[in-house]
Participant: 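This is the structure, below, for whatever I ask next.
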Amino acid sequence: MNTTDIGRAGMDSEKTSHKVFEKNSEKPFERTSLKVSEKESQGASERRKISSLAERVMGLARDDILMHLRFFQLALAKLEYREQWGLGGFATDGNTLCYDPVHVLGCYRENPKSVLRACLHMLLHCVFLHGFRYDKLEKERWDLAADIAVESVILELGYGGVALEQDGLAAGKLRELKERMGALTAERIYRHFGQNPPEPREERELRRLFDRDIHSLWKPQESLEMTLDQWKKISERVRTRLRSFTGSKSGTAGLEQNLEETVKERYDYGEILRRFTVSAEEIRLSEEEFDYIYYTYGLEHYGNLPLIEPLEYRESTKVREFVIAIDTSASCSGRAVAAFLRKTCSILKTRESFFEKINVHILQCDAQVRSDTKVTGEEDLEEFLRKGKLTGFGATDFRPVFDYVETLRERREFENLKGLIYFTDGYGIYPEKMPDYQVIFAFLEEDENRPPVPPWSMKAVLEEEMLLGT
C-alpha cells in the first residue's frame, strides 16, 4: 500500500466527513441543481475511496497479528471487521471490530502502528471477556481497569509492530501499579481502585496513556453470535496454544495471568444458597392454581357464593436452617467479611428465600468458636449487621466449628440442618470426618498454594466486586 496515498486520503477525509457538499450562498439557486449532483457524485466517490483504503489498512493489521501472534488465530477468525462512519474511533461488541474509516486513515497517517495497536487492544478485550461483565460493574472504573490490563499485556509481549512513542511513560506507570497491586488483571485493578480511587489528575494521565478504543458497545444485547461461553472456550484454547507457540520465552506472564482470571470458574452466590433450601407448605394464595373468572362469576350470580374456593397454600423452597461460619483469623479482612454477610442477608431477605421464621447460626471463629449469633428473622439480621463486631483474629482451625455444630444438634438447636457455609482464606486444618449435611468452603479469590478442600465438601470462589454488588 502507498503510504502517501493513504496519508493524503486521511487529510482529505477529515474535511469530507464533516462537509460533503460545498455551500456557496453567492450562486443563484437555479444554477445549483447540476452542481449539487456533481458534488454528490464526487462525495460518494471520495467516500468509497476512504472506505476502501481503511479496509485495506484494517486487513493489514489483521494479517500482521496472525503472522506474529499466531496463538490468537482462532480468536481473530471469530471476529468480523465492520466500518461504522461517525464512530470516531475503534470499538468492539464481542462479534465485530468496528472502526470509523476517517479515524483509521487519520491514525495511519500519524503512525501506522497505532491502528495495529488498537486492533490488538480490542482483540484482548474480547479474549479476556471484558465486555461481558460491563453491566454488572461500575462502568468508568471497569473501563480504566480493563484498558490498563490489556495495555500491560501488550507492552509485556514486546511486539515491536505495535510500539508507540508514549510506551516508555506507560511502562513506568505500569511498574508503579504492579508494585501496588501485583498481577495486573482487570479484576485486581478494579478492586484496588475501588478501595484506593486514583486522584483526578492521575486518572486523567492513566486514561491518556492506556485508552485505545470506545467501550460504548459493551452492553447486553438480545442476541450475540459470539456468546460468553463461546468466548470462554476460545480463551481456553488461546491459553493452551500460548505455551506451544512461545515455549519458555519471557514476556507472556501477564497474558497468562489474565487468561487464568478469564477462564476460572465463577460462582453465583445466590445459587449456592439455593443448595440449602427446603420444601415447605406456606399459607399463601397459589396464583397459578386459582381461576378468577369462575370465582367472580359465582359471586355475581349465586349470592356471594364462589364457584371455586382459592387454594390458600402452595409448596415453596426456602432456606430455613443452616450455619454460617466466619473465619476471623488475621488473614481475612473485616471489609470482605462484612461484604459477605451483607450479601448473604440481602439474598435471604428476598421474598422467595425467607421464611417468617428461620434458624441460622452465625459463628465467628479462628482456632476456636468465638461467638454464636442466632438469627430467627429479618430483624435479627439487621441488628447483627448494625451492631455485630468481629472477634478472634488468631490462627485458623476448621475442626472446632464442626464440633460445635454437633453440640448444637445434640442440644436440639436444629430440627433439619441443611448445611454449613464456611467463609475463609482456606489456610487451616480441615476435619477428616464427613458430616451428614452439606458443606461449602467459600473463598474470596483463587490461590494455587491453598490446601485442597475435603472431597466431601464444595468449593466456591466469591469475587469481592460480586459481594459488594458493584
Side-chain angles (χ1 to χ4, degrees), residues 260-261 263-279 317-333 336-337 339-345 347-348 353 358-375 390 392 394-411 413-464 466-467:
E260 287 291 338
E261 185 71 41
V263 302
K264 78 177 185 182
E265 187 174 1
R266 289 185 162 84
Y267 301 83
D268 181 344
Y269 186 44
E271 186 61 36
I272 292 171
L273 276 184
R274 279 189 281 276
R275 290 177 178 269
F276 291 166
T277 60
V278 294
S279 296
T317 52
K318 297 201 171 181
V319 177
R320 196 163 197 173
E321 290 190 334
F322 66 101
V323 176
I324 300 174
I326 305 295
D327 179 2
T328 56
S329 63
S331 55
C332 287
S333 72
V337 169
F340 171 76
L341 289 173
R342 279 196 298 270
K343 188 70 174 182
T344 302
C345 296
I347 294 172
L348 288 178
S353 301
I358 62 172
N359 181 19
V360 176
H361 284 252
I362 301 177
L363 310 181
Q364 296 187 48
C365 44
D366 43 29
Q368 57 184 294
V369 176
R370 299 288 182 176
S371 70
D372 178 2
T373 303
K374 184 174 181 177
V375 174
L390 298 179
T396 303
D397 189 341
F398 304 123
R399 295 172 298 181
V401 166
F402 289 85
D403 293 339
Y404 182 75
V405 170
E406 288 305 315
T407 301
L408 291 177
R409 297 176 76 184
E410 290 172 2
R411 289 172 11 202
E413 287 286 334
F414 299 109
E415 292 181 8
N416 182 21
L417 178 64
K418 292 298 295 182
L420 182 153
I421 302 176
Y422 210 130
F423 183 72
T424 176
D425 64 352
Y427 287 91
I429 304 172
Y430 291 100
E432 296 181 0
K433 183 181 178 181
M434 181 181 75
D436 58 357
Y437 49 84
Q438 296 185 75
V439 178
I440 295 176
F441 287 97
F443 310 116
L444 191 58
E445 60 182 16
E446 288 284 5
D447 186 347
E448 294 180 356
N449 299 318
R450 179 189 295 129
V453 301
W456 43 260
S457 68
M458 291 174 282
K459 167 189 169 183
V461 180
L462 311 177
E463 296 176 330
E464 188 171 1
M466 179 274 292
L467 293 178

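Positions are given from 1, in the same order as the sequence printed here. These numbers come from the heavy atoms of this one structure, side chains and all, not from hydrogens, waters or symmetry mates.
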Participant: Check this for me: does any side-chain nitrogen of one of Glu413 and Lys374 sit under 4.0 Å from a carboxylate oxygen of the other?
Facilitator: yes
Participant: Could you tell me whether Arg370 and Asp366 have a side-chain N and a carboxylate O separated by less than 4.0 Å?
Facilitator: yes
Participant: Can a salt bridge be assigned to the pair Lys433 and Asp403 using a cut-off of 4.0 Å between side-chain N and carboxylate O?
Facilitator: no
Participant: By the definition side chain to side chain contact (heavy atoms under 4.5 Å, CB included), identify the one residue from Ile421, Val439, Leu417 that meets it with Val323.
Facilitator: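 Only one of Ile421, Val439, Leu417 forms a side chain to side chain contact (heavy atoms under 4.5 Å, CB included) with Val323, namely Leu417.
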Participant: Just so I know, are the side chains of Leu420 and Leu363 near enough to count as touching, which here means a heavy-atom distance under 4.5 Å?
Facilitator: no
Participant: To the closest 0.5 Å, what do you measure between CZ (Phe414) and CZ (Arg411)?
Facilitator: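 The CZ atom of Arg411 is 9.5 Å from CZ of Phe414, to the nearest 0.5 Å.
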Participant: Please name the pair of heavy atoms, one in Tyr437 and one in Glu406, separated by the smallest distance, quoted to 0.1 Å.
Facilitator: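 Nearest heavy atoms, Tyr437 then Glu406: CE2-OE2, 3.8 Å.
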Participant: Aromatic contact between Phe322 and His361, with the criterion being ring centroids under 6.0 Å apart: yes or no?
Facilitator: no
Participant: Please name the residue in the list Trp456, Tyr422, Phe398, Phe402 that meets the ring pair (Phe, Tyr, Trp, His ring centres under 6.0 Å) test with Tyr430.
Facilitator: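 When Trp456, Tyr422, Phe398, Phe402 are each tested with Tyr430, the ring pair (Phe, Tyr, Trp, His ring centres under 6.0 Å) holds only for Phe398.
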Participant: Is there a side-chain contact between Arg450 and Phe443, using heavy atoms and a 4.5 Å cut-off?
Facilitator: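 Yes, at least one pair of side-chain atoms sits under 4.5 Å.
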Participant: Say whether Asn416 and Glu321, considering side chains only, have a donor N or O and an acceptor N or O under 3.5 Å apart.
Facilitator: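 No, no side-chain donor-acceptor contact under 3.5 Å.
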Participant: Hey, does the side chain of Gln364 reach the backbone of Thr328 with a donor-acceptor pair shorter than 3.5 angstrom?
Facilitator: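 No.
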Participant: Do Tyr427 and Thr396 come within less than 4.5 Å of each other through their side chains, counting heavy atoms only?
Facilitator: no
Participant: To the nearest 0.5 Å, how far apart are CD in Glu410 and CG in Leu408?
Facilitator: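 Output value for this atom pair is 9.5 Å.
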Participant: Measure the spacing between CD1 of Ile440 and OG of Ser457 and express it to the nearest 0.5 Å.
Facilitator: 9.5 Å
Participant: Would you name the heavy atoms of Ala367 and Pro400 that are closest together and state the gap between them?
Facilitator: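 Nearest heavy atoms, Ala367 then Pro400: O-CG, 3.2 Å.
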Participant: Decide yes or no on side chain to side chain contact (heavy atoms under 4.5 Å, CB included) for Ile362 and Asp372, but give the supporting numbers first.
Facilitator: CA-CA 6 Å; Ile362 301 177; Asp372 178 2; over 6 Å; no
Participant: Quick one, Arg409 and Asp436 - any side-chain contact, counting heavy atoms below 4.5 Å?
Facilitator: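 Yes, side chains in contact.
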Participant: Considering all heavy atoms of both residues, which atom of Pro454 and which atom of Pro431 are nearest to each other, and what is their separation?
Facilitator: CG-O, 4.3 Å
Participant: About how many Å separate CD of Gln438 and CE of Met458, when rounded to the nearest 0.5 Å?
Facilitator: 4.5 Å
